[in-house]
Amino acid sequence: MGLTMSYSKTALISGASSGIGAVYAERLAARGFNLVLVARRADRLSTLAEKLQQAGSTSVRTIAADLTNEADIGRIENVLRNEAIDLLVNNAGMGPNASTAVMSDADAAATLALNVNALVRLTRAALPSMRTRKTGAIVNVGSVLAFHALPSTSLYSATKAFVLTFSRGVQQEVKDDGIVVQALLPAGTITEFYGTAGLSIDDFDPRVFMTAEQLVDAALAGLDRGEEVTMPSVHDQHLWDDFDAARQKLFGGTQNGAPAERYLVA
Ligand SMILES: NC(=O)c1ccc[n+]([C@@H]2O[C@H](COP(=O)([O-])OP(=O)(O)OC[C@H]3O[C@@H](n4cnc5c(N)ncnc54)[C@H](OP(=O)(O)O)[C@@H]3O)[C@@H](O)[C@H]2O)c1
């Protein structure tokens with residue numbers, strides 16, 4: 001999808017009220033996209049919409065929605081099913097900082113609902129119209145924690161592994177339909193994410209953080225290049241190539257209809 005010349009196209013961004021999603025809104029408005037901005041904080045969305053509309057001629061619509069809420073997801077699904085949305089940015093996400101046994105039931109349920117269920121529901125709602133129109137792009141915001149779990153990130157890491165695996169499968173499903181699916185895997189990015197999770201960026205090594213502007217600009221460059229998996233913080237591209245090659249080799253090595261010798265009881 002040629003995003004650089006994208007005037008009169010429309011993007012729907014989840015989690016557009018702050019951080020990475022808000023920068024996507026700014027950058028896509030600058031590229032001429034009309035926008036549908038989704039998040040819970042209506043005041044934040046309105047302020048951003050006013051700013052973007054003053055700066056340019058794009059139309060910006062805001063929809064206050066809690067994507068862990070069934071009725072609210074349904075409202076966004078209707079937009080994706082009934083309007084010509086060219087780019088869906090599945091960005092809304094949360095990551096409570098707590099070990100599995102300690103995390104509240106509410107936080108665990110919300111993390112699964114937002115990071116997994118909402119992303120799947122919105123993707124599924126967007127695809128039929130994109131397939132009919134033979135064009136479209138979906139950006140699924142995962143994390144480098146998709147392949148790394150820490151004691152306090154088990155659930156979050158698992159949801160982001162889901163985002164990566166789901167995206168890689170859907171890429172294959174739609175490859176002949178003119179639809180691009182990009183899995184974006186940010187590493188440390190300076191946003192409200194850490195404060196919301198009960199952490200402080202000051203507690204981390206500042207050298208691992210980039211700004212949300214750097215992250216989104218790199219992500220859009222990757223999308224323009226047609227990348228299926230984009231990791232802006234990875235400087236050595238061979239790291240991903242080697243990892244993905246090892247993954248494919250491992251899968252190939254699983255296709256044997258008998259247990260390995262080490263499991264054969266004498
Ligand atoms: N920052 C990082 O270091 C980092 C690293 C890797 C991946 N990521 C991923 O990047 C994405 C964006 O995060 P961010 O860093 O930009 O953090 P952020 O500033 O906290 O943004 C999160 C966004 O998600 C929205 N959101 C949260 N709960 C929601 C709900 N129930 N319904 C609808 N929207 C909801 C928030 O808006 P409301 O509160 O207004 O609803 C906000 O707009 C997430 O998927 C995160 O996992 C971030």
Side-chain angles (χ1 to χ4, degrees), residues 12-27 35-49 62-77 88-97 106-119 121-122 139-150 153 155-164 166-167 182-201 203-216 218-219 229-234:
L12 187 148
I13 306 166
S14 75
S17 59
S18 64
I20 293 166
V23 176
Y24 263 110
E26 290 176 5
R27 296 308 199 242
L35 299 175
V36 182
L37 307 181
V38 177
R40 293 169 301 181
R41 289 171 291 181
D43 54 336
R44 291 277 201 110
L45 293 179
S46 298
T47 304
L48 178 58
T62 64
I63 306 178
D66 180 344
L67 292 173
T68 67
N69 174 282
E70 178 64 29
D72 283 7
I73 290 182
R75 288 195 290 128
I76 309 305
E77 283 178 324
L88 166 63
V89 183
N90 270 317
N91 165 73
M94 61 183 285
N97 177 52
D107 275 354
T111 302
L112 286 166
L114 183 63
N115 297 12
V116 175
N117 184 55
L119 183 137
R121 292 276 296 268
L122 300 193
V139 177
N140 288 331
V141 181
S143 165
V144 294
L145 287 178
F147 36 77
H148 194 68
L150 300 164
T153 72
L155 184 61
Y156 178 73
S157 291
T159 65
K160 294 304 185 178
F162 178 96
V163 172
L164 176 59
F166 177 66
S167 301
Q182 180 196 35
L184 170 65
L185 311 187
T189 310
I190 302 166
T191 68
E192 297 171 18
F193 183 84
Y194 296 87
T196 306
L199 295 164
S200 167
I201 284 184
D203 297 334
F204 295 86
D205 181 346
R207 290 171 299 184
V208 304
F209 284 93
M210 67 177 72
T211 66
E213 286 78 9
Q214 288 174 309
L215 185 274
V216 173
V229 179
T230 297
M231 288 183 286
S233 66
V234 173

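For ligands, and for the atoms within them, numbers begin at 1 and follow the listed sequence.
A salt bridge links D205 with R207: the distance from a Lys NZ or Arg NE/NH1/NH2 to an Asp or Glu carboxylate oxygen falls below 4.0 Å. For R44 and E192, the salt-bridge test passes: some basic side-chain N is under 4.0 Å from an acidic carboxylate O.
Every residue two or more places apart in sequence or in another chain that forms a side chain to side chain donor-acceptor pair (under 3.5 Å) with R27 is listed here: D217.
A distance of 8.5 Å separates CG of N90 from CG of L12, quoted to the nearest 0.5 Å. Taken to the nearest 0.5 Å, the OG atom of S167 stands 6.5 Å off from the CG atom of L119.
The residues lining ligand 1, counting any heavy atom closer than 4.0 Å, are G15, A16, S17, S18, G19, I20, A39, R40, R41, A65, D66, L67, T68, N91, A92, G93, L114, V141, G142, S143, Y156, K160, P186, A187, G188, T189, T191, E192, F193, Y194.
In this structure, N97 contributes its side chain and A197 its backbone to no donor-acceptor pair below 3.5 Å.
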